[in-house]
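These notes are about the structure you will find just below.
To find a chain, count down the sequence lines: A is the first, B the second, and so on, and within it residues start at 1. Computed from heavy atoms alone, side chains included, the values below leave out hydrogens, waters and symmetry copies.
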Amino acid sequence: MENSEKSRSNFIRDIIDKDLLEGKNNGKVHTRFPPEPNGHLHIGHAKAILVNYTIAKDYNGKFNLRFDDTNPVKEDEEYVNAIINDIKWLGADWEERLFYASDYFEQMYEYAIQLIKIGKAFIDSQSAEEIRANRGTITSPGIDSPFRNRSIEENLNLFESMKNGEFEDGSHVLRAKIDMTSPNMLMRDPLMYRIRHTSHHRTGDKWCIYPIYDWAHGLEDSIEGITHSLCSLEFQAHRPLYDWFLIQLGIHKPQQIEFARLNLNYTVMSKRKLLELVEENYVNGWDDPRLPTLSGLRRRGFTPEAIQNFIEKVGVAKAHSIIDYALLEHSIREVLNKTAPRVMSVLNPLKVVITNYPDDQVEELDAVNNPEDPSAGTRKVPFSKELYIEREDFMEDPPKKFFRLGPGREVRFRYAYFITCNEVIKDSNGEVKELHCTYDPASKGGKSPDGRKVKATLHWLSAEHAIDAEVRLYDRLITVPDTNNLEEGKTFKDYINPDSLTILHNCKLEAHLAKAEAGFRCQFERLGYFCVDPDSTPQKPVFNRTVTLRDTWARMQKK
RNA sequence: UGGGCCGUCGACAAGCGGUAAGUCACAUGGUUUUGGUCCAUGCAUUCAGGGGUUCGAAUCCUCUCGGCCCAACCA
């Protein structure tokens, strides 16, 4: 990340620049990412993480990771570990500052007592239904709770009893005393604590009252000395309340700034939809390479750098937006083009016999490992009489723009020879079974000593030297750009792409790839970028296609 | 509908009163032993729309239109 181009200006940086100029926060910048451990992280979270992290880093500030674990009924340790793992991989560094909201439960409780003592909070004993009914609506004011004027003494006693487990779930709540007629619904005596006789993944059964987001979040930020609390747009309406609590308490008040969350087209990003895909087995787990989860993208072959660059390109603003998936693809191609070693691999093999090549001869030919990186060197690739080429690289009756192999045509076999197709052998079904070709010995290495040109260069593999592999091809998960905007009566599940996963079983690879370990990334020349899946073994290699190469031929065919 | 926020190229997004950056996508041409990469060129006379202020407006004022968020004891 150190070498990434300097960050773009955005409205948050403008605010911070101004704050620094005015000497606010003693010139410090301190941000945080506060996930609730109730699900897995996806590319949208990567934006929140990276916006907070890179701003802290660029201003020589600090970045905290804090689990907002205030609701034990939804949270689990399993998620904590997965989230930590994903953020580490992404490259955001919280150093030693890993916190939990539950670490502050005692302090939050004390603050609540303080608020009761200044008459700004009370115990409400209405039912949830009554509270809802009395909150009013968006256009009509709410009405005060009948319990709103309990004495401070009574509130204090009740609150302590709540804490001590003397009441059942739902029988009482602690509420802030603000204004039931506020046009901002969140200011109509918001709830601060509810009773939940549920054990918490960290505090066990120590507590049976748990703080609610609006009460807890500002306190968490304040306690940690956060200066800029960067969050998504839907919290805009919460900001007055965030401020109100901290002002009443007279404690450090971070500045909450909201920005638009990331949306990607042709996929789903909501917790609910992702969960449905996983639980109903539309995909194979949270790390399915088709999912936009961080674990899925990782398994798909994305690098942290690619995601960082992607987020940087996306920018930070307040307008709702849906980013084109092509930008994500561009981001990973950009990284892999520079770094991925090239290799020849045949996904859909077609046998080629070089009829004028000596029967038992094998030549070791030099192949460049990465044309973008001379230091990657070269390797030897065996060439022999029987080869495989890609089925798609031959057409018996080629259209005008098809440059590849056809009857009577000459092409270059990369790093090898000029090859001419003389005969097409078919099976009883009329299916092309193999090609009989001749080679030009003078063109060794793929050079053209007489200046003769060919229009195509194909990849190939020596039949006896190649190894078998399984290759998994991925396509977009959803066939429509935006699942939040569907035809009447349809759900996103009606638009799941049935061809989002294609498993190829008879693929051929260069032999040295048997040793590649899970996570190894390379380019299959002319096909795309691929990586070794965790399912892979030396006996049965499994590769995932991360992304295809840009393919102008495929685009022409579509027209 | 009360309140809050937002509307600049197909998708993002700079711009902060001095005459529309950049990226992706797309198109065309060049280079090329990957139909990849790379290079070059093109792609908003106009900023949701109207009115106003100004020598000058995407930027300021105003009205209209459109979108999103808020009525969980979720975060």
Rounding to 0.5 Å, atoms OG (A:Ser232) and CZ (A:Phe259) come to a distance of 6.5 Å
Closest to the side chain of A:Asn71, out of B:U37, B:C73, B:A75, is B:A75
Among B:C12, B:C24, B:G35, the one nearest any side-chain atom of A:Trp553 is B:G35
In whole angstroms, the gap separating C1' of B:A72 from CG of A:Asp169 amounts to 15 Å
Per nearest nucleotide of RNA chain B, the residue lying toward the 5' end, A:Ala317 or A:Leu233, is A:Leu233
- Query: What distance, rounded to whole Å, do you find between the two C1' atoms, one in B:A20 and one in B:C47?
  - Reply: 8 Å
A:Tyr242 OH to B:A75 P, in whole Å, measures 15 Å
### Query
For the residue pair A:Phe413 and A:Trp460, does the interplanar ring angle fall in the parallel (under 30°), tilted (30 to 60°) or perpendicular (over 60°) class?
parallel
Q.
Taking only side-chain N and O atoms of A:Ser140, does any of them lie within less than 4.0 angstrom of OP1 or OP2 on B:G2?
A. no
Separation of B:G36 atom C1' from A:Asn370 atom CG, nearest Å, is 11 Å
Ranking B:A27, B:G35, B:A13 by distance to the side chain of A:Arg555, first place goes to B:A27
ask   = On a plain distance test, is the side chain of A:Asp14 in donor-acceptor contact with the base of B:C16 below 3.5 Å?
value = yes
Check your understanding: How would you label the contact of A:Glu258 with the nucleic acid (heavy atoms, under 4.0 Å): base, sugar-phosphate, or nothing?
Key -> nothing
A:Asn10 has its side chain closest, among B:A14, B:G10, B:C73, to B:A14
Testing B:G35, B:C24, B:G2 for proximity to the side chain of A:Phe402, the answer is B:G35
Short side-chain N/O contact to B:G15 OP1/OP2 from A:Ser9, under 4.0 Å: yes
- Query: Taking OP1 and OP2 of B:C73, is either one under 4.0 Å from a side-chain nitrogen or oxygen of A:Ser127?
  - Reply: no
| Is there a donor and acceptor pair closer than 3.5 Å between the side chain of A:Arg526 and the base of B:G35? | no
Classified by glycosidic angle (syn within 90° of 0, else anti), B:A72 comes out syn
Counting distance alone, no hydrogens or angles: does the base of B:U37 have a donor or acceptor under 3.5 Å from a partner atom on the side chain of A:Arg333? no
Between CD1 of A:Ile322 and P of B:G67 the distance, given in whole Å, is 15 Å
| query | Taking N and O atoms by type only, does the side chain of A:Glu372 place a donor or acceptor under 3.5 Å from a partner on the base of B:G36? | reply | yes
Exercise. Determine the interatomic distance between P on B:G36 and the same-named atom on B:G30; round to the nearest Å.
Key: 13 Å
Under 6.0 Å from the CZ atom of A:Arg148, do we count more than 12 heavy atoms belonging to anything else shown? yes
Between CD of A:Glu510 and C1' of B:U34 the distance, given in whole Å, is 13 Å
Per atom distances to the A:Leu549 side chain, the nearest of B:C24, B:G35, B:U34 is B:U34
Looking only at B:A13, B:C74, B:A14, the nucleotide nearest the A:Arg194 side chain is B:C74
Separation of B:A72 atom P from A:Trp215 atom CH2, nearest Å, is 22 Å
Atom CD of A:Glu130 and atom C1' of B:A72 are separated, to the nearest Å, by 17 Å
Is the shortest heavy-atom distance from the side chain of A:Cys231 to the side chain of A:Gln256 under 4.5 Å?
-> yes
Taking for A:Glu234 and for A:Asn38 the nucleotide of RNA chain B with the nearest heavy atom, the one nearer the 5' end belongs to A:Glu234
Distance col, row A:Leu509:CG vs A:Met344:CE, nearest 0.5 angstrom, shows 12.0 Å
Using OP1 and OP2 only, check whether a side-chain N or O of A:His330 sits under 4.0 Å from B:C24.
yes
Side-chain atoms of A:Leu186 come closest, of B:A13, B:C70, B:G36, to B:C70
message: With no hydrogens and no angle check, just 3.5 Å: does a side-chain donor-acceptor pair link A:Arg150 and A:Ser125?
response: yes
Interatomic distance, NE2@A:His172 vs CG@A:Asp124, rounded to 0.5 Å, equals 10.0 Å
| request: Quick one: label A:Asp551 by what it contacts on the DNA or RNA (base, sugar-phosphate, nothing), any heavy atom closer than 4.0 Å. | output: sugar-phosphate
When rounded to the nearest 0.5 Å, the distance separating CD of A:Gln557 from NZ of A:Lys401 is 12.5 Å
### Task
Respond yes when some side-chain nitrogen or oxygen of A:Arg132 is under 4.0 Å from OP1 or OP2 of B:A72, and no when none is.
yes
From the candidates B:C74, B:G2, B:C68, the one with an atom nearest any side-chain atom of A:Arg196 is B:C74
note: A:Met108, atom CE; B:A75, atom C1'; distance rounded to Å ~ 13 Å
Closest of B:U34, B:G15, B:C70 to the A:Ile138 side chain is B:C70
